[in-house]
Each structure stands twice: as structure tokens, then as C-alpha cells.
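Below: the structure, in C-alpha cells.
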Amino acid sequence: MQQARQLGIKESMIDRYMLVLLWVSQGNTGPFAFWLLFFLMKHPEAMTSVKGEVDKVLKEYGKEVLHGGPLINLTCDMLMKMPILDSAVEETLRLIAAPLLVRAVLQDMTFKMADGCEYHIRKGDRMAVFPYSAVHTDPEIHPDPHLFKYDCFLNPDRSRKTDFYKAGEKVRYYNMPFGAGVSMCPGRLFANNELKQFVFLMLVYFEFELKIPDEKISDTDVKRLGFGALHPIRDIQFRYRFRF
Ligand code: HEM
């Protein structure tokens with residue numbers, strides 16, 4: 001705000017800018033935190049693996065969790081040691097992030113598609129890319145694209161999997177929840193850490209279960225396609241209790 005004022009930007013414009021920042025920083029992370037927890041509840045093998053990783057990290061860092069005791073001091077270093085959770089977060093983003101990426105065309109150009117089609121695009125046009133259907137749910141890149149596979153982004157040696165193929169060729173953009181290029185989300189690392197922190201602490205202190213174990217996961221609100229995180233079409237009820 002200080003910088004905007006120094007630049008002489010009008011107060012009414014600063015207000016709009018702050019509203020945008022409020023939306024971008026809150027609008028997506030909340031729904032994703034919900035979905036991540038939901039997918040873990042829905043897939044017991046994923047829950048067991050992530051919980052196992054949480055407990056391993058707690059032990060490695062000598063953190064003791066006491067009922068009624070002080071909250072554990074979760075550090076960034078601890079979160080960096082969680083490849084399974086990383087993959088579960090990335091898979092949640094793949095399934096639920098449906099933003100429309102809008103770009104202004106700055107010069108005449110020819111846009112070549114993977115299938116050989118070419119499009120001539122004029123300076124001044126606006127283009128939009130919808131990675132949800134072009135990438136995230138392309139069955140060639142992600143087989144059974146609507147299934148949650150918590151280890152989808154994990155190699156057998158637990159390093160991050162980045163090799164995905166389409167028509168035999170390695171795909172550069174295999175997941176684009178945060179967009180791409182110059183206006184790629186600058187909050188992505190922060191958001192990733194928020195999601196990991198949230199799930200880490202939830203799993204340290206609580207046990208969860210869905211009230212309806214075979215709750216359908218395909219029911220998302222299609223009216224939100226293009227905005228970012230999809231929302232469920234109804235409340236999903238779950239039970240939780242202290243682990244300790
Ligand atoms: C899971 C959470 C989030 C998701 C999925 C997400 C996704 C996105 C997407 C798709 C874009 C547009 C990128 C493009 O046009 O290529 C964007 C832009 C942006 N995001 Fe995020 N975002 C998240 C969290 C955050 C957070 C926590 C912040 C700030 C603390 C933030 C700040 C921004 C800003 C400032 C822009 C505009 C960038 C620009 O136009 O140059 N985002 N985000």
C-alpha cells in the first residue's frame with residue numbers, strides 16, 4: 001500500500017488492488033485445504049501413508065505431542081521432508097484447480113498445437129488457456145484422470161515425479177494449478193506450505209473419518225469452472241477426535 005501511495009496511485013484503485021490480493025490469497029487455499037483433507041479421508045491408503053510420514057518426521061525431530069500440552073513447533077525444515085504429502089498436495093491441485101488463464105496477445109503470431117494444427121493470432125486478441133481439460137484431465141497424460149492417486153507425483157525412490165508423456169513425448173506442462181509464465185502465481189510456495197502445515201497439524205492432533213465413507217467425489221460445482229478451486233456441491237460431513 002505504501003509503495004502504491006508513493007507512486008501516486010488513487011486510493012480507490014489501491015482499494016481494488018487490496019481486494020484482489022485478499023481474493024487471491026484466500027479464495028483458493030481454503031477450498032484446497034478442504035479437498036486435501038477430504039481426499040485423505042476418502043482414501044485410507046493415502047491417509048495411512050501421509051500419517052506415517054508425519055509421525056516419522058515428528059520422531060526424527062524429537063517432537064513430543066502431549067494432550068493439553070504446548071502446540072508443537074512445526075518448522076519449514078520438517079515440511080521439506082515430506083515427499084508423500086508433497087505428492088498428495090500436487091494431486092489435489094491437479095484434480096481441483098480449474099482456472100482460466102487469460103492472456104493479451106502482444107504481437108501477431110502463429111500458435112502451433114501438439115496435433116499439428118496452427119492458429120494465427122492477431123495482436124490485440126485475447127486468448128484463454130484452460131489447463132483443467134487440456135492437461136490435468138487428459139487421460140494420455142494422467143491415466144484415469146478423475147481418480148485421486150496420492151503417489152501420482154512420486155517416483156519409486158521418493159523423489160518428485162516430473163516425467164509425464166503424451167503421444168510418446170515428454171510433456172513440459174503436466175500440472176498447471178498455479179498458471180505459467182510471467183504471471184504465474186507468486187504465492188504458490190506460500191500456498192503449498194500453508195496446505196502442508198494445515199494437514200500436518202490436523203493429522204498430528206486428530207483422527208478423521210467421513211460420515212458417509214463412499215461419499216461421491218465427482219460432485220463438484222461446475223459453475224466455478226474457470227475461477228480456480230472447484231467447490232463441492234454440498235456439505236460433506238466428517239467426524240474427528242483427538243489422537244492423544
Ligand atoms: C492453492 C492456492 C493457490 C492457487 C491454486 C493459485 C492459483 C493462481 C493462478 C492460477 C493464478 C493466475 C496465474 C496465471 O495467469 O498464469 C494466480 C495468480 C496470482 N496469485 Fe495465486 N494461487 C493460490 C494462492 C495464492 C496465495 C496464497 C497468494 C498470495 C499470498 C496468491 C497470489 C497471487 C497473485 C498476486 C496473483 C496474480 C499474479 C499476476 O497476475 O502477476 N495466490 N494464482
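Computed from a predicted structure; not experimentally measured.
Comment: K161 does not engage D151 in a salt bridge, judged by the lack of any side-chain N to carboxylate O separation of less than 4.0 angstrom. Taking 4.0 Å as the cut-off between side-chain N and carboxylate O, K166 and D138 count as a salt-bridged pair.
The main-chain N or O of N155 is never found under 3.5 Å from a side-chain atom of S159 such that the two would form a donor-acceptor pair. Although no hydrogens or angles enter the test, the distance criterion places a donor-acceptor pair under 3.5 Å between the side chain of R94 and the main chain of P145. The backbone N or O of L36 lies less than 3.5 Å from no partner atom in the side chain of T92, so there is not a single donor-acceptor pair. Looking only at distances, a side-chain donor or acceptor of S25 sits under 3.5 Å from a matching main-chain atom of L22. Remark: the backbone N or O of L58 is not paired with any side-chain donor or acceptor of K63 at under 3.5 angstrom. At least one donor-acceptor pair under 3.5 Å links the side chain of K149 to the backbone N or O of P143.
Residues passing the ring-ring contact (aromatic ring centres under 6.0 Å, His included) test with F206 are Y240, F242, sequence neighbours excluded. Under the salt bridge (charged side-chain N to carboxylate O under 4.0 Å, His left out) criterion, D55 pairs with R243, not counting sequence neighbours. The ring-ring contact (aromatic ring centres under 6.0 Å, His included) check on Y165 picks up nothing, with sequence neighbours excluded. Annotation: salt bridge (charged side-chain N to carboxylate O under 4.0 Å, His left out) contacts of E45 (sequence neighbours excluded): none. Contacts of D235 classified as side-chain hydrogen bond (donor to acceptor under 3.5 Å, both in side chains), with partners at least two apart in sequence or in another chain: none. Taking R224 as the reference, nothing meets the salt bridge (charged side-chain N to carboxylate O under 4.0 Å, His left out) condition, with sequence neighbours excluded. By the side-chain hydrogen bond (donor to acceptor under 3.5 Å, both in side chains) test, R122 pairs with D125, sequence neighbours left out. Scored by the salt bridge (charged side-chain N to carboxylate O under 4.0 Å, His left out) test, E194 finds no partners at all (sequence neighbours excluded). For T29, the side-chain hydrogen bond (donor to acceptor under 3.5 Å, both in side chains) criterion is met by no residue, not counting sequence neighbours.
Ring pair F208/F38: centre-to-centre distance not below 6.0 Å. Annotation: H43 is not in aromatic contact with Y150 [ring centroid separation under 6.0 Å not met].
Screening residues 69-84 for salt bridge (charged side-chain N to carboxylate O under 4.0 Å, His left out) gives E60-K81 as the qualifying pairs, with residues at least two apart or on separate chains.
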Validation: residues 109-121 side-chain donor-acceptor distances under 3.5 Å, sequence neighbours left out:
{"from": "T110", "atom 1": "OG1", "to": "H120", "atom 2": "ND1", "distance (Å)": "3.2"}
{"from": "D115", "atom 1": "OD1", "to": "C117", "atom 2": "N", "distance (Å)": "3.0"}

Donor-acceptor list for residues 174-192 side chains, cut-off 3.5 Å, not counting sequence neighbours:
{"from": "N175", "atom 1": "OD1", "to": "H136", "atom 2": "NE2", "distance (Å)": "3.4"}
{"from": "N175", "atom 1": "ND2", "to": "E90", "atom 2": "O", "distance (Å)": "3.2"}
{"from": "S183", "atom 1": "OG", "to": "R103", "atom 2": "NH2", "distance (Å)": "3.4"}
{"from": "R188", "atom 1": "NH1", "to": "C185", "atom 2": "O", "distance (Å)": "2.6"}

Review point. Hey, mind stepping through E215 and R234 against salt bridge (Lys or Arg N to Asp or Glu O under 4.0 Å) and telling me if it holds?
Key: CA-CA 11 Å; E215 187 82 66; R234 58 174 186 283; 2.7 Å; yes

Practice item. Test salt bridge (Lys or Arg N to Asp or Glu O under 4.0 Å) on D86 and R160 and set out the steps. Key: CA-CA 8 Å; D86 281 330; R160 179 167 174 241; over 6 Å; no

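Counting heavy-atom neighbours within 6.0 Å of Q6 CD, excluding the residue itself, gives a total above 12. Atom CZ of F227 sits in a sparse spot, with 12 or fewer heavy atoms from other residues, nucleotides or ligands closer than 6.0 Å.
Here the CH2-CG distance, from W35 to L40, works out to 13.0 Å after rounding to the nearest 0.5 Å. Expressed to the nearest 0.5 Å, how far OG1 of T48 lies from CD1 of I84 amounts to 10.5 Å.
Both M13 and W23 belong to a single network of hydrophobic side chains, linked directly or stepwise wherever heavy atoms of I, L, V, M, F, W or Y lie under 4.5 Å apart. Taking hydrophobic clusters as Ile, Leu, Val, Met, Phe, Trp and Tyr residues chained together by side-chain heavy-atom distances below 4.5 Å, L85 does not share a cluster with M80.
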